[in-house]
Amino acid sequence: IRHEPVQEALEHVRILSANDRERRLAFVRERALRDEVSFLKEARQEGRQEGRQEGQHQGIEGTLRKQIALKFGELPTWADERLTQASDAQLDVWVARILTADSLEGLLAD
């Protein structure tokens, strides 16, 4: 191989291979880089999962808000606050209950 950058790289590898301290440092750097890549990949996956969960919650809440508006009219402040603070489980209960609720108060009752 006569390409000068390749020759320089090979010479650098020879020097590193001959020096125990440099070889250990290279190993530690390589391991740190792999760990960082793994950490970033895991963080991205967790972020995506949290985003999907948040999006699902907002989707259910948004659908329920539309249903309430269609059935009972404009959403009062107290009801808006209840919806904003509701858990996923509570939203699921209300989504089912809206089919039979006669009033907004009855729908959002505990």
Side-chain angles (χ1 to χ4, degrees):
I1 300 173
R2 299 191 192 281
H3 190 60
E4 190 171 329
V6 173
Q7 288 294 324
E8 289 175 16
L10 287 173
E11 181 61 26
H12 190 63
V13 168
R14 278 190 214 96
I15 291 169
L16 289 175
S17 297
N19 185 326
D20 284 340
R21 181 178 177 274
E22 292 295 325
R23 193 169 45 245
R24 279 193 301 270
L25 287 174
F27 175 77
V28 169
R29 279 193 302 269
E30 181 66 29
R31 186 172 29 175
L33 288 172
R34 275 195 316 262
D35 290 348
E36 182 179 8
V37 167
S38 294
F39 173 76
L40 290 173
K41 186 176 181 180
E42 186 177 314
R44 281 188 199 107
Q45 288 173 340
E46 288 176 10
R48 286 185 190 118
Q49 184 177 2
E50 288 173 7
R52 280 191 293 268
Q53 289 171 346
E54 181 65 26
Q56 182 180 6
H57 179 90
Q58 290 175 348
I60 294 170
E61 182 182 332
T63 299
L64 186 57
R65 286 176 182 277
K66 289 177 188 175
Q67 291 174 332
I68 290 170
L70 289 169
K71 188 166 184 176
F72 302 115
E74 188 176 332
L75 197 64
T77 304
W78 67 268
D80 180 68
E81 291 172 1
R82 291 286 314 266
L83 287 170
T84 302
Q85 297 171 1
S87 67
D88 288 344
Q90 186 62 63
L91 289 173
D92 286 340
V93 168
W94 292 339
V95 164
R97 193 184 292 168
I98 196 164
L99 297 173
T100 58
D102 294 329
S103 67
L104 186 55
E105 293 79 8
L107 170 66
L108 299 181
D110 288 329

Find out whether [X] and [Y] are in side-chain contact, i.e. whether some heavy atom of one side chain is under 4.5 Å from a heavy atom of the other.
| X | Y | result |
| --- | --- | --- |
| Leu104 | Ile68 | yes |
| Lys71 | Leu99 | no |
| Gln7 | Glu11 | no |

Straight-line distance of [X] [atom1] to [Y] [atom2], nearest 0.5 Å:
| X | Y | atom1 | atom2 | answer |
| --- | --- | --- | --- | --- |
| Leu91 | Thr63 | CG | OG1 | 10.0 Å |
| Asp35 | Glu30 | CG | CD | 10.0 Å |
| Gln90 | Gln85 | CD | CD | 11.5 Å |
| Lys66 | Leu75 | NZ | CG | 14.0 Å |
| Asp88 | Asp92 | CG | CG | 6.5 Å |

side-chain contact (heavy atoms from CB on, under 4.5 Å) assessment of Ile60 paired with Trp94: CA-CA 10 Å; Ile60 294 170; Trp94 292 339; over 6 Å; no
Check whether Val28 and Phe39 end up in the same hydrophobic cluster, where Ile, Leu, Val, Met, Phe, Trp and Tyr are linked by side-chain heavy atoms less than 4.5 Å apart.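 Shared cluster, no.
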For residues Trp78 and Phe72: do they belong to one hydrophobic cluster (side chain heavy atoms under 4.5 Å, members Ile, Leu, Val, Met, Phe, Trp, Tyr)?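 Looking at the clustering, Phe72 is in the same group as Trp78.
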Evaluate Val37 against Leu33 for side-chain contact (heavy atoms from CB on, under 4.5 Å), listing each step before the verdict. CA-CA 6 Å; Val37 167; Leu33 288 172; 5.5 Å; no
May I ask you to decide if Ala109's main-chain N or O and Arg97's side chain share a donor-acceptor pair within less than 3.5 Å?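 Here the side-chain-to-backbone pair exists.
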Give a yes or no on this: more than 12 heavy atoms of other residues, nucleotides or ligands lie within 6.0 Å of atom [atom1] of [X].
| X | atom1 | answer |
| --- | --- | --- |
| Glu8 | CD | yes |
| Asp102 | CG | no |
| Arg21 | CZ | no |

Grab the two heavy atoms, one from Glu61 and one from Thr84, that are nearest each other, plus how far apart they are.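 Nearest heavy atoms, Glu61 then Thr84: OE2-CA, 3.9 Å.
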What closest approach, in Å, do Ile98 and Gln67 show between heavy atoms, and which atom pair accounts for it?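 Shortest heavy-atom separation between Ile98 and Gln67 comes out as CD1-CB, 3.5 Å.
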